[in-house]
Amino acid sequence: MKKRLFSGIQPSGDVHIGNYLGAIKNWVNLIDNYDCIFCIVDYHAITVDYDPVDMQKRITNAVAVNVAAGLNPERCIIFVQSHVPEHTELAWILNTITPMGHLERMTQFKEKAQQHAANINAGLFNYPVLQSADILLYKAEVVPVGADQVQHIELAREVARKFNMCYGNVFPEPHVILSSAPRIMGLDAKTKMSKSLNNYISLVEPPESIWKKLSVAVTDENRKRRIDPGNPEICNIFALHKHFSTQEQIEWSAKGCRTAGIGCLECKKVLSDNIVKELTPIREKAEKLLNDKDYVLNVLQTGAKKCREIATQTMAEVRAKLGLR
Ligand code: TRP
């Protein structure tokens, strides 16, 4: 029997190449080796201000793009968190064994509280408890995440341990699988690629737009003129070459940069062509899936049904241990 894997996907309207390299591409490989469940975490998304009007569209897009990028719903489960009410039920129970002090230490809470100072709600504070419930509800043993989520998975381990100690053994302690891709920087080369900073290339970005964004992207700032040599290791365009180009092109770009043998624009053009080549099938497939009105709906219905079967079983065990009927 394969071990169970669980991960959460934010319902973002626009999935970018940072998400792709940092998460989705790894997941596609993991599907072979684990029994995989991927959850669109809408209950997490509502802990910060958002527009309810486009929530469903964001969910649908997230599903279509992730499927188009390789998460084949015939080989893994994809579902929406709020379609399985047991997530919040278990989260409530786990709340009662989670020390406030642990939640106060969470870096993501501190950061988000700063960013959203006008809306520091109890849900934002309890966010990691819901995340623990997501994982434990399916007794998942592995959780692929980026470095920023490790602290949350550590909490899930502690919560599992404490539950087992207080009420009897139910949950395995989940392990992190750390994403192997380094942090993908935004086109400004200053901060992590992110939707809110508008420094990204979307997975469904049309070719013209990919080139437009890359042509003004920041490179090694020492290369002010065409004849100035640069250092590829500090150039963000070179960093992207490593993910999208052939070994030969990567060497060509590094050498050309060091010796001023090529210009930045020339180097960007090759990168742009490669990104277009890799993203075009994804964009076309996503468009096709979105045009089929029932496709995403069906994927999510099937996913929710399978998850509820597992979730009801776990909750029956949990309730019995707690002395609830
Ligand atoms: N908090 C995660 C993030 O922001 C998303 C998430 C929610 C998640 N529940 C999860 C990740 C369970 C892994 C497991 O990226």
Side-chain angles (χ1 to χ4, degrees), residues 3-16 18-27 30-31 34-48 50 58-59 62-63 65-66 71 76-91 94-95 98 102-103 106-113 115-116 123-160 171-179 181 183-184 192-196 303 307 310-311 314:
K3 283 188 183 169
R4 181 161 290 145
L5 174 152
F6 187 99
S7 200
I9 302 173
Q10 296 285 349
S12 153
D14 218 349
V15 184
H16 56 66
N19 307 129
Y20 176 63
L21 297 172
I24 308 173
K25 247 184 143 173
N26 298 312
W27 295 342
L30 294 171
I31 290 182
Y34 296 96
D35 169 15
C36 292
I37 303 181
F38 296 100
C39 175
I40 312 281
V41 291
D42 54 351
Y43 275 154
H44 279 115
I46 65 172
T47 58
V48 293
Y50 76 104
R58 283 162 55 197
I59 293 174
V63 175
V65 174
N66 277 281
L71 280 202
C76 65
I77 298 179
I78 305 174
F79 79 108
V80 175
Q81 193 178 32
S82 71
H83 293 178
V84 181
E86 284 82 358
H87 284 255
T88 41
E89 189 182 356
L90 181 58
L94 300 182
N95 268 326
T98 308
H102 284 22
L103 296 176
M106 295 291 136
T107 341
Q108 193 173 62
F109 170 69
K110 289 191 242 173
E111 275 172 19
K112 287 199 178 179
Q115 284 163 13
H116 306 274
L124 188 65
F125 187 69
N126 287 311
Y127 178 119
V129 181
L130 178 59
Q131 184 164 348
S132 300
D134 293 343
I135 301 164
L136 300 183
L137 190 53
Y138 303 97
K139 302 186 181 183
E141 291 182 74
V142 294
V143 186
V145 284
D148 66 320
Q149 292 297 314
V150 170
Q151 201 183 23
H152 287 169
I153 312 307
E154 281 298 325
L155 181 82
R157 292 172 61 83
E158 280 175 55
V159 169
F171 300 117
E173 286 179 34
H175 295 274
V176 167
I177 300 185
L178 209 55
S179 150
R183 245 156 70 102
I184 305 300
K192 189 173 143 175
M193 185 171 283
S194 88
K195 191 177 175 244
S196 54
C307 283
I310 308 169
T314 308

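The structure displayed is predicted, hence computed values, not measured ones. Every number for a ligand or one of its atoms is a count from 1 in the order of the listing.
Distance check: L130 CG to T47 OG1 gives 9.0 Å after rounding to the nearest 0.5 Å. Distance check: N19 CG to M193 CE gives 9.0 Å after rounding to the nearest 0.5 Å. Considering NE2 of H102 and CD of E154, their distance stands at 10.5 Å, rounded to 0.5 Å. To the nearest 0.5 angstrom, L71 atom CG is 6.5 Å from I24 atom CD1.
Of the heavy atoms in V145, only side-chain atoms (C-beta onward) come closer than 4.0 Å to ligand 1. If you look at I9 next to ligand 1, there are no close heavy atoms at all, none under 4.0 Å.
Regarding atom 6 (C) of ligand 1, its nearest protein heavy-atom neighbour is G8 CA, 3.8 Å. For atom 14 (C) of ligand 1, the closest non-hydrogen atom of the protein is V143 CG1, 3.6 Å. Closest protein heavy atom to atom 4 (O) of ligand 1: Q10 NE2, 2.9 Å. The shortest contact between atom 10 (C) of ligand 1 and any protein heavy atom is with Q131 CG, 3.4 Å. Taking atom 9 (N) of ligand 1 as the reference point, the nearest protein heavy-atom neighbour is D134 OD2, 2.8 Å.
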Any chance you could lay out the side-chain hydrogen bond (donor to acceptor under 3.5 Å, both in side chains) test for E86 and T314, step after step, and finish with the verdict? CA-CA 9 Å; E86 284 82 358; T314 308; over 6 Å; no
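When atom types are taken as modelled, the side chain of R157 and the backbone of P174 share a donor-acceptor pair closer than 3.5 angstrom.
Two rings, from Y138 and H87, have their centers less than 6.0 Å apart.
If you number the atoms of ligand 1 from 1 as listed, the ones under 4.0 Å from a heavy atom of Q149 come out as 1 (N), 2 (C), 3 (C), 4 (O), 15 (O). Counting the atoms of ligand 1 from 1 in the order shown, those under 4.0 Å from a heavy atom of F6 are 12 (C), 14 (C). Atom numbering of ligand 1 starts at 1 in the shown order; those under 4.0 Å from a heavy atom of H44 are 7 (C), 9 (N). Applying the 4.0 Å criterion to heavy atoms of V41 picks out, from ligand 1, the atoms 7 (C), 9 (N).
Looking at H152 next to ligand 1, no N or O pair under 3.5 Å apart turns up. Between Y127 and ligand 1, at least one pair of N/O atoms sits closer than 3.5 Å.
Summarising the geometry of A91 relative to V129, their closest heavy-atom pair is O-CG1, 3.5 Å, with the distance given to 0.1 Å.
The environment of NZ in K192 is sparse: at most 12 heavy-atom neighbours from other residues, nucleotides or ligands sit within 6.0 Å.
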